[in-house]
Amino acid sequence: MTARAPVPGLSFEGSVFADARTGARRLLGPLSLTVTAGRWTCLLGPSGVGKSTLLQAFTGLPDGLRMDGSAVLDTGAQPLGQVALMAQDAGLLPWLSALQNVWIGSRLRGERPDHARAKALLEQVGLGAQGAQNCTRLSGGQQQRLALARTLYEDRPVVLLDEPFSALDVATRLRVQDVARDLLSGRTVLHVTHDPAEAARIADDILILDHSGLTPVSVPQHSKQADDPKVQALTSDLTRLLLEAA
Ligand SMILES: Nc1ncnc2c1ncn2[C@@H]1O[C@H](COP(=O)(O)OP(=O)(O)OP(=O)(O)O)[C@@H](O)[C@H]1O
């Protein structure tokens, strides 16, 4: 993948509300978030606190939700066309093959799909042999890797990942995390996860979101190996902070 320069960061300021049809209440905020350009930021926090909603604020809130504030690139520009979101729901098109799902963005934009790049991405996430298979025949973890390949195919400078490795076994998880880190090097990544060990290993920056707001967690320089003592110490610290936030 070729990073376009300059890569923007992200800025969110404000609140998100459910409208009268969905219960008229504040779902998130007021909150001020900055995601530094070119860095991998992990966002952790209790279930239901609004992490997915925060990601969606940058790509379009679902029907029934509205934002009071702004979710923009740190240049002040709108995120449209700059941001790829991998949502929790893989959102695959069930009548298409795995490979066709990877390049679906090209088809929807009326562009010629880049078959070679789509195939290479499937190989990299360990699905090289499944390209021709209907996507509904894939396991949950395989579908999650397919959704990741589709997100990477979009080749955007800013990438939002909502629990992208949650369905993977530990060996596949570590391998696919490394693939994603490598392919997204230099991009701006905002990654929601419930796994403190995952965040401790791969994040440059870590934020915890709870009902009182966002708290940054200091991340030491380390090797990004799961058995690095600094990674293990950070995992313990994060676990404690998440228990306190729950
Ligand atoms: N479309 C919607 N309409 C109404 N309420 C919604 C909608 N989507 C989310 N919510 C509510 O917004 C709140 C935040 O949800 P969100 O999915 O952002 O939380 P989360 O922190 O990502 O949770 P989890 O970790 O469980 O995925 C929850 O109370 C949820 O019920």
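Sequential numbering from 1 along the given sequence is applied to the chain's residues. Note that ligands are numbered from 1 as they come in the structure, with each ligand's atoms numbered from 1 the same way.
- Under the 3.5 Å distance criterion, with hydrogens and angles disregarded, no donor-acceptor pair is assigned to the side chains of T193 and D195.
- Comment: D155 engages R187 in a salt bridge, judged by a side-chain N to carboxylate O separation of less than 4.0 angstrom.
- Distance screen at 4.0 Å: atom 30 (C) of ligand 1 has no protein heavy-atom neighbour inside the cut-off.
- Under 4.0 Å from ligand 1, heavy atoms of V49 appear from its side chain as well as its backbone.
- A heavy-atom distance below 4.5 Å is not found between the side chains of R137 and Q142.
- Backbone and side-chain nitrogen or oxygen atoms of Q88 are examined, and one is located within less than 3.5 angstrom of a nitrogen or oxygen of ligand 1.
- Shortest contact from atom 13 (C) of ligand 1 to any protein heavy atom: G48 O, 3.6 Å.
- Annotation: side chain of L238 is in contact with side chain of I208 (closest heavy-atom distance under 4.5 Å).
- K51 NZ, 2.7 Å is the protein heavy atom nearest to atom 21 (O) of ligand 1.
- Taking atom 6 (C) of ligand 1 as the reference point, the nearest protein heavy-atom neighbour is L27 CD1, 3.8 Å.
- Using a 4.5 Å heavy-atom threshold, the side chains of F58 and L85 count as separate.
- Classification of R240 and E244 as a salt-bridged pair holds, one side-chain N sitting under 4.0 Å from a carboxylate O.
- From the protein, the heavy atom lying nearest to atom 15 (O) of ligand 1 is T53 OG1, 3.7 Å.
- Contact check for R201 versus L174: side-chain heavy atoms found under the 4.5 Å cut-off.
- A heavy-atom distance below 4.5 Å is found between the side chains of L33 and L54.
- Among all non-hydrogen protein atoms, the one lying nearest atom 17 (O) of ligand 1 is S52 CB, 3.7 Å.
- V83 has its side chain within reach of L160: a pair of non-hydrogen atoms, C-beta onward, lies under 4.5 Å apart.
- At a 4.0 Å cut-off, at least one heavy atom of R25 sits close enough to ligand 1 to count as contact.
- Residue-to-ligand polar distances keep P62 apart from ligand 1: every N/O pair is separated by 3.5 Å or more.
- For the pair G50 and ligand 1, the shortest N or O to N or O distance falls below 3.5 Å.
- Given atom 26 (O) of ligand 1, the protein heavy atom at minimum distance is S47 OG, 2.5 Å.
- Atom numbering of ligand 1 starts at 1 in the shown order; those under 4.0 Å from a heavy atom of P46 are 21 (O).
- Counting protein heavy atoms only, atom 3 (N) of ligand 1 is closest to L65 CD2, 3.5 Å.
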